[in-house]
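Working notes for the structure below.
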Amino acid sequence: MPVCDPTALSQSLLAWYDRAGRTLPWRKKGGAAADPYHVWLSEVMLQQTTVVVVAPYFLRFLERWPTVAALAGASSDEVMHAWAGLGYYARARNLHACAKVVAEWRGGAFPDDEESLRKLPGIGDYTAAAIAAIAFGRRAVVMDGNVERVMARLFAVSEPLPAAKPRLKALAASLTPDLRPGDYAQAVMDLGATLCTPRNPACGICPWMAACDGRKQGIEAELPAKLAKAERPTRHGVMFWAARKDGAVLLRRRPPQGLLGGMMEIPSTPWRESPWQADELAAEQPLAAPWRPLPGLVRHTFTHFHLELRLVAGKASSNATPLGIWVALDKLGDHALPSVMNKVIRHALAKAY
DNA sequence: AAAACGTGGTC
DNA sequence: TGACCAAGTTT
């Protein structure tokens, strides 16, 4: 049997998968049917996020909201709070919106085909294919970063991403079997995650080594080629640490769309490319107060820019009624604060008292 | 269709 | 220290 035969390749991969058997929290056990709710929840969390980070969030969500109907019944703030720290918060907004559609319009049943799944909020090409294959046993071509890398190497595709995507998908489709599509989808992704890794691929123990053109040509480590990314600019902001007499500090909610949309924040100036001057703060302050600069700065890096935040502290008079909520220091954990805001809070607690 | 959108770990 | 990267989607 020639090693380039698609059936032989998919079979050898499935054999490897059965033998290696990574145990992941969302994976069905002992031949049990995969629960579409579990598959959907895990796949949305796994978008651009590592297994290690997702696992505890997945278990926490499932414990708190055992069904899609339960999740649909949660408040927006509860969901955002539970998602805090995972990043890409549009996913949480779309997750909740999707849960409502499925629970209210479909009686809690997820659609079982790619085309219908694709219409739901937060479900794109990858997630639709993954749910169709893993939860419903449908043959679907699952394309994520792992599969792109594995295909680029296996077939020695040197054309850089993202232009190579259609070709890579066609190659992946040529290998996707009719049998055990869900296991096969997870097997290719596992191969990319554990052996065919971005750096130092473990070709020596790869079930596809004999067939791998990239390996034969000695270019596996250079693949997939990628276009250079744009530079990240640096933006600047000033955070207002407003403390009331009883110690409570001021938080407010960010606008529902855009960066950190719907999450809570320490009141801030906008984040712009030019640093802020002291005489500009009066026009940006959440309440009128004398502001005292705190030493040091908080650095944070987002996907597309670096951020440098300075802090100013002020005391709020008791009759101040700003747009926001006052939160006791020991209750800050009760709110939907993204990681960058927790960084700011840690800094303020260290410097302002 | 290019750009926006988080975070933490790794080398 | 910093660039790269992770089971992508939306506009």
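We name chains A, B, ... by the order of the sequence lines, and we start the count at 1 in each one. Computed from a predicted model, the values in this text were never measured in an experiment.
Judged by atom type and distance alone, A:T49 does not reach the base of C:dG8 through any side-chain donor-acceptor pair under 3.5 Å. For a distance-only test at 3.5 Å, the side chain of A:Y88 qualifies as a donor-acceptor partner of the base of B:dG6.
Of the candidate nucleotides C:dT9, C:dT10, C:dA7, C:dT9 has the atom lying nearest to any side-chain atom of A:T127. Closest to the A:R199 side chain, of the nucleotides B:dG6, B:dC11, C:dA6, is B:dC11. Residue A:K226 places its side chain closer to C:dA6 than to any other of B:dT7, B:dG6, C:dA6. With distances taken from any side-chain atom of A:Y89 to the nucleotides C:dA7, C:dT9, B:dT7, the minimum falls on B:dT7. Taking only side-chain atoms of A:N146, from C-beta outward, the nucleotide of B:dT7, C:dA6, C:dG8 with the closest atom is C:dA6. Comparing atom distances between the A:R91 side chain and each of C:dT10, B:dG6, C:dA7 picks out B:dG6 as nearest. With distances taken from any side-chain atom of A:P198 to the nucleotides B:dG6, C:dA6, C:dT10, the minimum falls on C:dA6. Among C:dT10, B:dG6, C:dA7, the nucleotide with an atom closest to any side-chain atom of A:R149 is C:dA7. Of the candidate nucleotides B:dG6, B:dT7, C:dT10, B:dT7 has the atom lying nearest to any side-chain atom of A:H300.
Using a 4.0 Å heavy-atom cutoff across all strands shown, A:G85 reaches sugar-phosphate atoms only and no base atom. Residue A:T301 is in base contact, counting any heavy-atom pair closer than 4.0 Å across all strands shown. Within 4.0 Å of A:L24, counting heavy atoms only, lies at least one base atom of the nucleic acid. Across all strands shown, A:S339 has heavy atoms under 4.0 Å from sugar-phosphate atoms exclusively, and none from any base. Here A:D190 lies in heavy-atom contact (under 4.0 Å) with a base. Among the heavy atoms of the strands, none lies under 4.0 Å from A:R235. Within the 4.0 angstrom heavy-atom criterion, only backbone atoms of the sugar-phosphate kind lie near A:V340; the bases stay farther away. Within the nucleic acid shown, A:L86 comes within 4.0 Å of at least one base atom, counting heavy atoms only. Residue contacts for A:R299: at a heavy-atom cut-off of 4.0 Å it reaches no nucleic acid atom on any strand shown.
Between A:Q48 atom CD and B:dG6 atom C1' the separation is 10 Å, expressed in whole Å. Per the geometry, CE belonging to A:M151 stands 14 Å off P belonging to C:dA7, to the nearest Å. Rounded to an integer number of Å, the gap from CH2 of A:W83 to P of C:dT9 is 12 Å. When the P atom of C:dG2 is taken as reference, atom NZ of A:K229 falls 17 Å away, rounded to whole Å. Taking atom CZ on A:R232 and atom C1' on B:dT7, their separation rounds to 11 Å, with Å as the unit. Between the P atom of C:dT10 and the NE2 atom of A:H304 lies a distance of 18 Å, rounded to the nearest Å. As rounded to whole Å, 13 Å separates atom C1' of B:dA3 from atom CG of A:L259. Separating the CE atom of A:M80 from the P atom of B:dC5 is a distance of 14 Å, rounded to the nearest angstrom.
In summary, A:E280 and A:R272 engage in a salt bridge, as defined by a charged side-chain N under 4.0 Å from a carboxylate O. Ion pairing between A:K165 and A:D125 fails under the 4.0 Å rule for side-chain N and carboxylate O. At a threshold of 4.0 Å, the pair A:E308-A:R235 does not count as salt-bridged, since none of the basic side-chain nitrogens sits closer than that to a carboxylate oxygen. Contact check on A:E114 versus A:R138 returns no salt bridge, with no Lys/Arg side-chain nitrogen under 4.0 Å from an Asp/Glu carboxylate oxygen.
Between C:dT9 and B:dG8, the distance separating the two P atoms is 22 Å to the nearest Å. Using atom P as the reference point in both B:dC11 and C:dA7, the two lie 15 Å apart (nearest Å).
In terms of heavy-atom proximity, A:A187 sits nearest to A:W16 at O-CZ3, 3.6 Å.
Because its NZ or CZ atom is not both nearer than 6.0 Å to the ring centre of A:W241 and within 45° of the ring axis, A:R346 does not count as a cation-pi partner of that residue.
Ring-centre distance between A:F302 and A:H300: below the 6.0 Å cut-off.
A residue-by-residue look at A:R93 and A:A230 shows that A:A230 has its nearest nucleotide of DNA chain B further toward the 5' end.
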